[in-house]
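Take a look at the structure below.
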Amino acid sequence: MNWKLIIIGGLAFWLVTNILGLGVTGPIIHEAILDPMYKATETLWIEPLRQDPPDMAAVMPRWILVSLISSLVVAGLYSCLRKAFEGPGWKCGMTWGLYLGIFSFVTLLSYSGVIALPMTIVLWWGVDGLVLFVLGGAAMGWAGERFAG
């Protein structure tokens, strides 16, 4: 394992996915498209998210920590597998992100068979993850190649 890649690449992945998730896909997907569905399924969500407006300050510390740990795991797995990909770092990372996004999407679809989530939520979460993983993966691959060798 390449620890520099895990730290630097993981931080790059985390920054890109969080900046785009909070600033772009969050407002479009979660606050606009899915908001009516979230309200219609409010019993599924934790208390801070049931408030109107949702208490994002209550959930952000956990979301930030979990996303940071997850990003380091994503980069750790990438550091073990990156030689399987060809091309410049950004392209290798983007390919890894695409694979992760597809795997995540399929996993969400499997949960739809046991959790009472409307398929619209599942599909939009899958699209969101796919976009963020591809772009975050490209940033991780670029940063890993540039700064971690």
Side-chain angles (χ1 to χ4, degrees), residues 5-82 84-85 87-146:
L5 172 61
I6 293 169
I7 302 299
I8 294 169
L11 288 174
F13 185 90
W14 181 78
L15 282 171
V16 167
T17 56
N18 277 272
I19 289 169
L20 292 176
L22 293 172
V24 179
T25 64
I28 294 169
I29 293 173
H30 303 287
E31 294 173 20
I33 297 170
L34 292 178
D35 187 57
M37 292 239 145
Y38 291 151
K39 288 177 181 168
T41 57
E42 88 170 29
T43 58
L44 296 174
W45 315 117
I46 62 173
E47 181 57 37
L49 297 179
R50 286 189 224 156
Q51 299 174 18
D52 192 19
D55 183 4
M56 300 308 286
V59 295
M60 287 308 267
R62 180 176 177 159
W63 286 359
I64 290 169
L65 178 62
V66 169
S67 68
L68 179 58
I69 292 168
S70 299
S71 296
L72 295 173
V73 170
V74 164
L77 292 171
Y78 175 71
S79 79
C80 295
L81 299 171
R82 71 180 172 152
F85 305 110
W90 67 266
K91 183 179 177 194
C92 294
M94 185 174 72
T95 303
W96 173 238
L98 176 64
Y99 292 161
L100 286 176
I102 291 169
F103 183 77
S104 173
F105 206 131
V106 170
T107 302
L108 283 168
L109 288 173
S110 71
Y111 289 155
S112 72
V114 295
I115 299 172
L117 281 177
M119 188 54 72
T120 303
I121 291 176
V122 171
L123 294 175
W124 277 109
W125 282 1
V127 168
D128 190 22
L130 189 60
V131 168
L132 294 177
F133 283 1
V134 167
L135 296 175
M140 176 190 61
W142 174 83
E145 180 180 66
R146 175 94 167 89

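The analysis underlying the following values was restricted to heavy atoms, covering all of them including side chains, and did not include hydrogens, waters or symmetry mates.
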What distance do [X] atom [atom1] and [Y] atom [atom2] have between them, rounded to the nearest 0.5 Å?
X	Y	atom1	atom2	result
I6	C80	CD1	SG	6.5 Å
H30	I121	NE2	CD1	10.0 Å
L135	L98	CG	CG	11.0 Å
L132	L100	CG	CG	12.0 Å
I8	E145	CD1	CD	13.0 Å
N18	W63	CG	CH2	10.5 Å

Closest heavy-atom pair and its distance - [X], [Y]:
X	Y	answer
A143	A12	CB-CB, 3.7 Å
V122	L117	CG2-CB, 4.0 Å
S71	G10	CB-O, 3.4 Å
I102	L130	N-CD1, 3.7 Å
G21	T25	CA-OG1, 3.3 Å

Taking the side chain as C-beta and beyond, is there a heavy-atom pair between [X] and [Y] under 4.5 Å?
X	Y	result
L68	L11	yes
F105	V127	yes
L123	L109	yes

### Task
Run the numbers on M60 and L22 for side-chain contact (heavy atoms from CB on, under 4.5 Å), then give the verdict.
CA-CA 11 Å; M60 287 308 267; L22 293 172; 3.7 Å; yes
## Note on the structure
So salt bridge (Lys or Arg N to Asp or Glu O under 4.0 Å) across residues 42-56, not counting sequence neighbours, yields E47-R50
### Message
Using 30° and 60° as the class boundaries, would you call the ring planes of Y78 and F85 parallel, tilted or perpendicular?
### Response
parallel
### Task
Among residues two or more places apart or on two chains, list those pairs meeting side-chain hydrogen bond (donor to acceptor under 3.5 Å, both in side chains) that have a residue in residues 103-127.
Y38-W125
### Any residue meeting salt bridge (Lys or Arg N to Asp or Glu O under 4.0 Å) with R146, in chain and number order, not counting sequence neighbours
none
### Task
List the steps and the verdict of side-chain contact (heavy atoms from CB on, under 4.5 Å) for V74 and W14.
CA-CA 10 Å; V74 164; W14 181 78; over 6 Å; no
### Residues S67, T17; criterion side-chain contact (heavy atoms from CB on, under 4.5 Å); working and verdict
CA-CA 9 Å; S67 68; T17 56; 5.9 Å; no
### Query
Does the side-chain contact (heavy atoms from CB on, under 4.5 Å) test come out yes or no for F13 and F133, once each step is laid out?
CA-CA 8 Å; F13 185 90; F133 283 1; 3.6 Å; yes
